[in-house]
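One structure below.
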Amino acid sequence: MVRGKTVIEKIESTTSRQVTFSKRKSGLFKKAKELGILCDAQVGVVLFSNTGRLYEYSNSNSGTKSIIERYQQVKEGQQFMSASDEAKFWQAEGERLRQQLHNLQDNHRQLLGHNLSGLGLEDLKGLESQLEISLHNIRLTKDQLMIDEIEKSNKKGILVHQENMELHKKLNIIRHDYVGLQNKLIEQTEVNGGITSSSTNYNFIAPEDVNSFDLKLSLPQHAESDDDQPESPTLGL
């Protein structure tokens with residue numbers, strides 16, 4: 001079942017608001033912890049509920065207070081930073097970003113199987129684990145695409161089968177009409193020609209292929225030698 005989009009507005013129900021606060025608070029602290037571990041960053045979160053209760057999280061050994069003090073020092077330093085100091089700051093920031101890009105490029109090359117000589121056993125195991133996870137996700141995506149293609153082919157096969165059934169029904173109708181036309185032609189020929197002799201034989205050739213409808217009337221072979229007998233008519237539709 002697809003979850004609906006959550007409307008970001010104040011929750012009027014006190015019970016629902018408290019439940020949502022508890023869930024979102026736990027999720028926020030969890031993300032803060034993961035950010036600190038994955039990125040080796042100092043993270044501090046200070047949170048007050050609507051009742052005034054304090055909740056806090058910090059991955060610093062000195063607690064949240066040290067992070068707040070550091071924040072104030074940096075903030076005050078930035079306010080009084082000279083042009084040269086600001087230039088140095090942005091140079092250091094640029095160097096940090098270049099180093100981060102270099103690390104990402106090294107990781108990419110290692111995933112491709114290059115530059116592995118400096119890695120230890122644990123590093124190689126971690127790299128192997130990443131590749132296995134990536135390969136697993138790729139196979140899942142590939143299998144899903146194949147399943148989708150098979151479903152499309154099955155649907156097309158069903159449609160073609162239905163079309164064949166419709167054509168078969170139309171073919172039967174055409175054959176039925178053809179037989180009816182044969183019978184009418186026999187009756188019309190008997191009326192117009194005054195044929196009353198029971199010795200006269202009619203051979204109607206019904207083609208197997210419904211695309212050619214040739215009706216032929218032929219007299220018996222003993223009448224073909226009689227000069228007075230008219231030629232057998234040939235009717236084509």
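Only heavy atoms go into these numbers, but all of them, side chains included; no hydrogens, no water, no symmetry mates. Index from 1, following the sequence.
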- Is Lys25 positioned over the aromatic face of Tyr55, cation under 6.0 angstrom from the ring centre and no more than 45 degrees off axis? yes
- Is the shortest distance from a Lys or Arg side-chain nitrogen in Arg96 or Glu93 to a carboxylate oxygen in the other one below 4.0 Å? yes
- Message: For the CG atom of Leu131 and the CD1 atom of Ile138, what is their distance to the nearest 0.5 Å?
- Response: 9.5 Å
- Message: Whether the Thr15 and Ser13 side chains hold a donor-acceptor pair (N or O, under 3.5 Å, no angle test) is what I'd like checked.
- Response: no
- Item | Euclidean distance, Gln182 CD relative to Ile186 CD1, rounded to 0.5 Å | 6.5 Å
- Task: Identify, with sequence neighbours excluded, every residue that meets side-chain contact (heavy atoms from CB on, under 4.5 Å) alongside Arg17.
- Result: Lys10, Ile11, Thr14, Asn50
- Message: For the NZ atom of Lys65 and the OG atom of Ser60, what is their distance to the nearest 0.5 Å?
- Response: 12.5 Å
- Query: Between Asp148 and Gln144, is any side-chain donor less than 3.5 angstrom from a side-chain acceptor?
  - Reply: yes
- When clusters are formed from ILVMFWY side-chain contacts under 4.5 Å, directly or step by step, what else is grouped with Ile173? none
- Item | Where at least one partner belongs to residues 98-111, residue pairs that pass salt bridge (charged side-chain N to carboxylate O under 4.0 Å, His left out), sequence neighbours excluded | Glu95-Arg98, Asp106-Arg109
- Gap between atom OG of Ser134 and atom CG of Leu111 - 0.5 Å precision: 7.0 Å
- Query: What are the two closest non-hydrogen atoms of Gln130 and Asn107, and how far apart are they?
  - Reply: OE1-OD1, 4.3 Å
- Message: Rounded to the nearest 0.5 Å, what separates atom CG in Leu171 from atom NZ in Lys169?
- Response: 13.5 Å
- Taking everything shown except Asn137 itself, do over 12 heavy atoms lie less than 6.0 Å from its CG? yes
- Message: For residues Val43 and Ile37: do they belong to one hydrophobic cluster (side chain heavy atoms under 4.5 Å, members Ile, Leu, Val, Met, Phe, Trp, Tyr)?
- Response: no
- Item | Contact summary for Asn59 and Gly36, nearest pair of heavy atoms | ND2-CA, 3.6 Å
